[in-house]
Amino acid sequence: MGRLFDAISSSNQLENHTMNVFLTRLLFCFFADDTNIFPKQSFSQLIKNHNIHNLESLPKLLSDFFTILNLEESSSERAKYPAHLTTFPYVNGGLFAEVLDVPNFTPRTYRILLDCIDLDWSEINPDIFGSMFQAGINPEQRSTLGQHYTSVKNIMKVIQPLFLDKLYEELEKIKLLKDIKEKNKRLSALLQRISEIKIFDPACGSGNFLIIAYKELRKLEIEIMKAMSENLSMFSHIHLDQFYGLEIDDFACEIARLSMWLAEHQMNMLFEKELNFYQPTLPLKNSGRIHCRNSLRENWLVFVPRQSADDEVYIIGNPPFGGTNNRTAEQSKDMGQVFSGFRIFKSLDYVTSWFWKGANYIKDSNAKLALVATNSICQGEQVAVLWKPIFNLGLSIHFAYQAFIWANNARDQAAVHTVIIALSAENFYPKFIFKEKGDELFLTKVKNISPYLFEGSNLFIENRLTPLSSNVSKIYLSNVPRDNNNLFLEKEEFDYLSKIEPRVIKYVRRVIGGDELLNSRLRYCFWFKDESLDELNRIPIVREKLEKIKEFRLSSTREGTVSQFTTPHLFSEIRQPEKGNYILIPSPSSERRPYIPIDFLDSQIIAINSFMIPNATLFEFGIITSEIHNDFVRVVTGRLESRLRYSAKVVYNNFPFPEVDDIQKAHIEQLAEDILLTRADYPAMTLAQLYNPETMPEPLKQAHQTLDRAVEKLYRDKPFSDAAERVAFLFQRYEELTKKAV
DNA sequence: CATCCGACAGACC
DNA sequence: GGTCTGTCGGATG
C-alpha cells in the first residue's frame with residue numbers, strides 16, 4: 001500500500017487531503033470485496049476488466065463509481081450511469097460524499113493497484129492496521145508512528161478498569177436475579193445505559209482506542225442480549241456516533257473513520273453469528289464523531305456535548321509525549337494556551353496538556369478519564385506543578401498503573417516507561433493500583449492514590465532551593481563542560497600526550513562522572529581555570545581543541561552557551577570545591593541497586609554528571625546511603641526511564657534529616673565509616689559490582705543493614721515494617737516541617 | 001545562575 | 001540483537 005501511495009503521488013499533483021481520502025476509499029472497497037459488503041458486484045472485477053491500454057479513462061470510471069456509491073438506490077440519478085456501475089449499492093456515511101479529483105494511473109501504478117486488490121483484506125484487524133498503514137504510507141511518520149501505536153493489551157489496561165469491568169459486574173449481578181420480569185427489566189436498562197455511553201479520545205490517531213472500545217461494547221451487548229429471555233431486540237443499540245475523536249493529522253483521521261466502519265461490519269457479522277440477527281452494514285452510518293482538529297486549541301464540550309453532568313462520558317487515549325527539549329514551537333504554543341494563567345508550566349511534559357483539559361472537562365460531572373502518559377509526570381519536578389491544580393478541581397486518581405515498559409511493534413523494550421492514570425470527580429473506594437512485574441499483574445486496593453502513584457496522601461514534594469533541614473551541608477550540581485568532549489581525555493590520549501607534549505600535563509585532572517565513579521574508569525580533562533587563554537593558544541594541540549569548542553558554542557541554540565565562545569578553555573559551569581573532600585552522588589544510577597552508591601572524593605578530582613556535597617561529614621554520608629533515604633528517593637525522584645536520577649531540589653533539599661545529639665551523630669559516623677572500610681576490603685571490585693544485588697558482598701550488606709537500623713531509630717523507636725511505612729513517616733515529617741516554615 | 005530531563009543513546013555481551 | 005545502565009547540553013525557572 002505504501003508502494004501504491006508512492007507511485008500515485010509521484011505521477012500526480014494531488015493535495016494531501018485528496019490523496020488521503022482517495023486511498024481510504026480504495027481501502028474500503030478492497031475490504032468490501034473480501035467481506036461481502038458488495039454482494040452483487042465486485043470492485044476488483046471492475047478494475048481488472050478495465051483495458052490496460054486505455055488507462056486515461058480510469059479516473060472517469062472511478063469518479064463515476066464513487067458517485068454511484070453516494071447515490072441512494074432509489075435515486076433517478078443512477079440511471080445516467082452504465083449498468084455495470086449501478087449494481088453497486090448505496091454506501092453513504094460520508095466516505096464518498098466529497099467530489100474528488102481522481103488521480104491518473106500509469107501502467108506501473110495500475111499494476112501495483114492490482115497487486116493490492118489481490119491481497120486478502122478480510123483478515124485485516126482494524127485495531128492495528130490503521131497505525132501500520134499510516135506508518136507505511138507517510139515517509140516522515142514511518143520512523144515515529146510505530147512508537148505511538150498502542151497495543152490492544154495496553155488499550156485494555158485503560159478501558160477495563162475505567163468502565164468495562166464495572167459493566168460486566170453489573171451484568172453478572174443481574175444474571176443472578178430470580179425474578180424473570182425484574183431481570184429482563186434490568187437487562188433492558190443496562191442495554192439502554194450502554195447505548196448512551198460516550199467514548200472520547202482527544203488524541204485518537206488512527207482510532208485504536210475508539211475501535212477497541214466500540215468492539216468491546218458490542219461484545220458486551222451480545223452478552224446482555226443472550227441473557228435476556230424475552231423482548232429480545234433484533235438490532236444493535238450501540239452506534240458509531242457514541243464514539244468521539246479529535247486528531248490533528250488528516251490522514252490518521254480518515255483512517256480512523258474508515259476503521260470504525262470496518263469494525264462495525266466485523267461486529268455485525270459477529271452479532272449475526274452469535275444471535276442470528278442480520279445487521280445491515282450498508283448504508284454506512286455516521287462513522288463516529290471524529291474531527292481533524294488540534295485538540296488542545298478546541299473546547300471539548302463543543303465536540304462532546306453533554307445533556308447534563310450525569311452523562312456517562314469516558315475520555316481515553318494515549319496523547320503524544322514531549323519533554324521540554326522535545327517539543328515543536330507549535331506544541332509549546334499549544335501548552336501556552338492550555339496552561340494560560342499558570343505561573344509555572346513549561347517544565348511539564350506535553351502530554352499533561354490533555355490531563356489538564358480532561359480534568360476541566362470531567363470536574364463536577366459523571367465523566368471520567370484514563371490516559372496513558374510518560375512516567376515522568378508522576379516523578380520529580382513535574383508532580384507538584386501538575387497535580388496540585390488537578391486535585392484542587394476536586395478530582396482524585398481512582399485507578400493507576402505504576403510505570404511499565406512501553407512495548408510496541410518496533411522494539412520489545414521501548415524507549416519510554418509509561419503510566420496509566422484515571423481521574424474522576426467521584427471519590428471511589430477502594431481505588432486500584434496496578435503493578436506489572438514481568439508477565440504478572442498485581443492489584444492493590446487502597447484508600448488513596450498519591451500523585452507518585454503509591455498508596456498515600458495527596459502530598460507533593462516541591463522544588464526547594466536550600467535544605468529543609470538546618471545544619472546540613474549544601475548540595476551542588478557538578479561542573480558542566482559544554483565542550484563537545486574537547487576538554488576530555490581518555491587514558492590512551494593522556495598517555496600519548498605525556499610523551500609528545502608534556503607541558504600540558506600540569507593542566508590535566510582526573511574527572512569523574514557516574515560512569516567513572518561506578519565502573520572505576522579513568523578519564524581526564526583539561527582544567528584551565530585561572531589560566532590565560534593567550535598562553536594556552538600558543539600550544540598547538542590545545543589551540544586546536546579550543547577552536548573546536550569555540551565553534552561548537554557559537555552554533556548552540558542556547559544563548560548562555562553562545563556567549564561563552566570567548567572562554568573556550570573553561571567549563572561552561574564551574575562549581576568544583578577548592579579544597580578538602582566532597583561526597584559525589586551519581587545521577588542517574590540503576591534502580592536495581594539496593595542503595596545508590598556514593599563516595600568521598602578529593603577536591604582535585606573534577607566532577608561531572610552528578611551532585612557534590614563539599615565538606616560533607618560522615619554523618620551526612622551515613623544518612624544519604626541509608627535505606628530510609630533511598631526509599632524516599634525511589635518514590636519522589638525523577639527517573640531516566642526506570643533509573644533513579646538523584647536530585648538536589650526534589651530529593652536532597654526536601655529530605656527531613658533526623659535531629660541528633662553528639663552521641664547519636666558519632667554513632668552514625670562510626671557505622672558509615674564501617675561501610676567505607678568494608679568496601680576497602682574488596683579493592684578489585686567496582687562500586688557497580690559492590691552494589692549489584694547479585695554480587696554485593698555479604699559483609700557490605702551487613703554493614704549497610706546495621707546502619708539502616710541505626711538511622712531508622714533516629715526517627716522513632718518502633719521499627720518500620722516496610723518501605724511504604726518509612727516513606728509515609730517521612731512525608732508526615734515533611735508536612736510538619738514545611739508547615740512550621742510558613 | 002543552577003537544575004532537570006530525555007516516545008533516549010550508546011556500550012557491552 | 002538483546003540487555004543494561006548512564007552522557008550531554010538545551011530549556012527552564
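Because the structure is a prediction, the values reported are computed rather than measured. Residue numbers start from 1 in every chain, and the chains themselves are labelled A, B, ... in the order their sequence lines are given, proteins ahead of strands.
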Checking N1-N3 plus N6-O4 or O6-N4 for Watson-Crick, or N1-O2 and O6-N3 for wobble, each under 3.5 Å, the partner of B/dC5 is C/dG9
The nucleotide from C/dG9, B/dA7, B/dG6 with an atom nearest the side chain of A/Val416 is B/dA7
What contact category does A/Phe611 fall into here, base, sugar-phosphate, or nothing, at under 4.0 angstrom with non-hydrogen atoms?
sugar-phosphate
Whole-Å distance, A/His417 NE2 to B/dA7 C1', equals 11 Å
Which of B/dA7, C/dC8, B/dC5 is nearest the side chain of A/Glu381? It is B/dC5
Contact class for A/Tyr350 (heavy atom, under 4.0 Å): base, sugar-phosphate, or nothing? nothing
### Query
Are A/Asn326 and B/dG6 close enough that a side-chain N or O sits under 4.0 Å from OP1 or OP2?
no
_Mind checking if A/Val650 touches a base, just sugar-phosphate, or nothing, with heavy atoms under 4.0 Å?_
sugar-phosphate
Under a 3.5 Å distance rule, please check whether A/Arg575 uses its side chain to pair with a backbone N or O of A/Ser478 as donor and acceptor. yes
Taken to the nearest whole Å, CG/A/Asp349 to C1'/B/dA7 is 9 Å
With heavy atoms under 4.0 Å as the rule, sort A/Gln382 into base, sugar-phosphate or nothing. nothing
- [ ] Verify the contact: side-chain N or O of A/Ser347 to OP1 or OP2 of B/dC5, cut-off strictly under 4.0 Å; return yes or no.
- [x] no
Can you confirm if the aromatic rings of A/Phe454 and A/Tyr452 lie within a centre distance of less than 6.0 Å?
no
Using the P atom as the reference point in each nucleotide, state the distance between C/dG9 and B/dA11 in Å, no decimals. 15 Å
query = Can you tell me if the side-chain N/O atoms of A/Thr324 get under 4.0 Å from OP1 or OP2 in C/dA11?
reply = no
The residue among A/Tyr507, A/Phe488, A/Phe571 that forms ring-ring contact (aromatic ring centres under 6.0 Å, His included) with A/Trp527 is A/Phe571
Q) Taking OP1 and OP2 of C/dT5, is either one under 4.0 Å from a side-chain nitrogen or oxygen of A/Arg592? A) yes
Looking for any heavy atom pair under 4.0 Å, which part of the strands does A/Phe345 touch: base, sugar-phosphate only, or nothing?
sugar-phosphate
Q: Return no unless some side-chain N or O of A/Ser376 is found under 4.0 Å from OP1 or OP2 of B/dG6.
A: yes
Next on the checklist: What contact category does A/Leu518 fall into here, base, sugar-phosphate, or nothing, at under 4.0 angstrom with non-hydrogen atoms?
Outcome noted: sugar-phosphate
Notebook entry, point to check: Can you tell me if the side-chain N/O atoms of A/Ser647 get under 4.0 Å from OP1 or OP2 in B/dC4?
Noted result: yes
Closest to the side chain of A/Ile608, out of C/dA11, C/dC8, C/dG9, is C/dC8
Assert: residue with more 5' nearest nucleotide on DNA chain C, out of A/Thr557 and A/Asn485, is A/Asn485
> Looking for any heavy atom pair under 4.0 Å, which part of the strands does A/Asn484 touch: base, sugar-phosphate only, or nothing?
Replying inline: sugar-phosphate
Atom CD of A/Glu516 and atom C1' of C/dC8 are separated, to the nearest Å, by 12 Å
Among C/dG13, B/dT3, C/dT5, the one nearest any side-chain atom of A/Lys649 is B/dT3
Under-4.0 Å side-chain N/O to phosphate OP1/OP2 contact, A/Thr418 with B/dA7: no
*Side-chain N or O of A/Thr561 closer than 4.0 Å to phosphate OP1/OP2 of C/dG10*: yes
Next on the checklist: By the 4.0 Å heavy-atom rule, please label A/Gly513 as base, sugar-phosphate, or nothing.
Outcome noted: sugar-phosphate
request  = Flag the pair A/Lys357 and A/Glu298 as a salt bridge only when some basic side-chain nitrogen lies within less than 4.0 angstrom of an acidic carboxylate oxygen.
outcome  = no
Tested for side chain to side chain donor-acceptor pair (under 3.5 Å) against A/Tyr691, the lone hit among A/Lys701, A/Arg593, A/Arg679 is A/Arg679
Short side-chain N/O contact to C/dC8 OP1/OP2 from A/Arg482, under 4.0 Å = no
Atom CZ of A/Arg558 and atom C1' of B/dT3 are separated, to the nearest Å, by 11 Å
The residue, A/Asn325 or A/Arg521, whose nearest nucleotide of DNA chain B is more 5′ is A/Asn325
Check your understanding: Is a salt bridge present between A/Glu490 and A/Arg521, judged by a nitrogen-to-oxygen distance below 4.0 Å?
Key -> no
Q.
Is the distance from the ring center of A/Trp356 to that of A/Phe345 below 6.0 Å?
A. no
Between CD1 of A/Ile475 and P of B/dT3 the distance, given in whole Å, is 8 Å
Closest of B/dC5, C/dA11, B/dC8 to the A/Ala415 side chain is B/dC8
Any N or O donor-acceptor pair under 3.5 Å from the base of B/dG6 to the side chain of A/Arg645? yes
From CD1 of A/Ile344 across to P of C/dA11 the rounded distance in Å is 19 Å
Assign each of A/Asn375 and A/Val480 the nucleotide of DNA chain B bearing its closest heavy atom; nearer the 5' end lies the nucleotide of A/Val480
Query raised in the report: Run the ring-ring contact (aromatic ring centres under 6.0 Å, His included) check on A/Tyr652 and A/Phe611 step by step: do they pass?
Result: CA-CA 10 Å; A/Tyr652 184 87; A/Phe611 290 92; 9.0 Å; no
Rounded to whole Å, the CZ-C1' distance (A/Arg575 to B/dC4) equals 12 Å
In whole angstroms, the gap separating P of C/dG2 from CD1 of A/Ile405 amounts to 15 Å
**Q.** B/dC12 versus C/dC8 - spacing of their P atoms, nearest Å
**A.** 14 Å
- Nearest-angstrom distance, P atom, B/dC4 to B/dC8: 23 Å
- Considering only the P atoms, how many Å lie between B/dT3 and B/dA7, rounded to the nearest integer? 23 Å
ask   = Using a cut-off of 4.0 Å on non-hydrogen atoms, how would the nucleic acid contact of A/Arg553 be classed: base, sugar-phosphate, or nothing?
value = nothing
